[in-house]
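Quick notes on the structure that follows.
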Amino acid sequence: MSAALTQVPPMSAQGTMFGPTSRYFGLATTSLQTRDGQTVIYLTRRFVPQPGQFALLQTHRVVQGERLDNIAAQFLGDPEAFWRLCDANNAMRPNELTETIGRQLRITLPQGVPQS
């Protein structure tokens with residue numbers, strides 16, 4: 001029986017396999033030893049920041065049929081940055097941000113970037 005090789009993505013400068021636009025960028029890894037001797041490496045927990053920690057740029061009113069990835073592309077320049085809208089609006093489920101027509105979404109700078 002041969003062991004399968006697993007390809008691991010290259011590590012970033014921060015030491016994780018996630019790029020600088022990922023919500024997981026910069027999170028530390030830790031490991032766990034299983035009973036059968038295997039080592040499992042995993043990310044430490046990411047705590048969702050409080051919405052008040054973000055500098056508000058503008059708000060956006062949700063219209064019927066909008067998708068969060070399209071809103072992220074329009075306002076943040078990256079459809080995969082939808083998680084920044086979740087953080088800024090205290091949403092654990094991304095879809096909840098577009099479920100209610102007329103909801104005001106906070107469009108903010110990334111966490112830690114002050115508004116000048």
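- The CG atom of L57 sits 9.5 Å away from atom CZ of R106, with the distance rounded to the nearest 0.5 Å.
- Between P110 and F54, the closest heavy-atom pair is C-CD2, 4.0 Å.
- Looking only at atom types and distance, the side chain of Q74 has no donor-acceptor partner in the side chain of H60 under 3.5 Å away.
- More than 12 heavy atoms of other residues, nucleotides or ligands shown are found within 6.0 angstrom of CD on E99.
- Across all their heavy atoms, L27 and R45 have their closest contact at CD2-O, 4.2 Å.
- For the pair L97/I71, no side-chain contact is recorded, criterion being any heavy-atom separation below 4.5 Å from C-beta on.
- Without hydrogens or angle criteria, R84 side chain to T108 main chain gives a donor-acceptor distance under 3.5 Å.
- Side-chain contact between L105 and V62 is present, with heavy atoms from C-beta onward closer than 4.5 Å.
- Partners of Q53 according to the side-chain hydrogen bond (donor to acceptor under 3.5 Å, both in side chains) rule, which considers only residues two or more places apart in sequence or in another chain, are Q111.
- A72 approaches P79 most closely through the heavy-atom pair CB-O, 4.0 Å.
- Between A88 and P51 the shortest heavy-atom distance is O-CB, 3.4 Å.
- We find the CG-CZ distance between N70 and F82 to be 12.5 Å, quoted to the nearest 0.5 Å.
- Under the 3.5 Å distance criterion, the side-chain polar atoms of T98 are left unmatched by any main-chain donor or acceptor of L68.
- In this structure the side chain of I107 reaches within 4.5 angstrom of the side chain of L76, judged on heavy atoms.
- Contact between Y42 and S31 at its shortest, heavy atoms only, is CE2-C, 4.0 Å.
- Evaluation of the side-chain hydrogen bond (donor to acceptor under 3.5 Å, both in side chains) rule for Q33 yields T39 as partners, not counting sequence neighbours.
- Minimum heavy-atom separation, Q104 to N89: O-OD1, 4.1 Å.
- Looking only at side-chain heavy atoms (C-beta outward), T29 and L43 come within less than 4.5 Å of each other.
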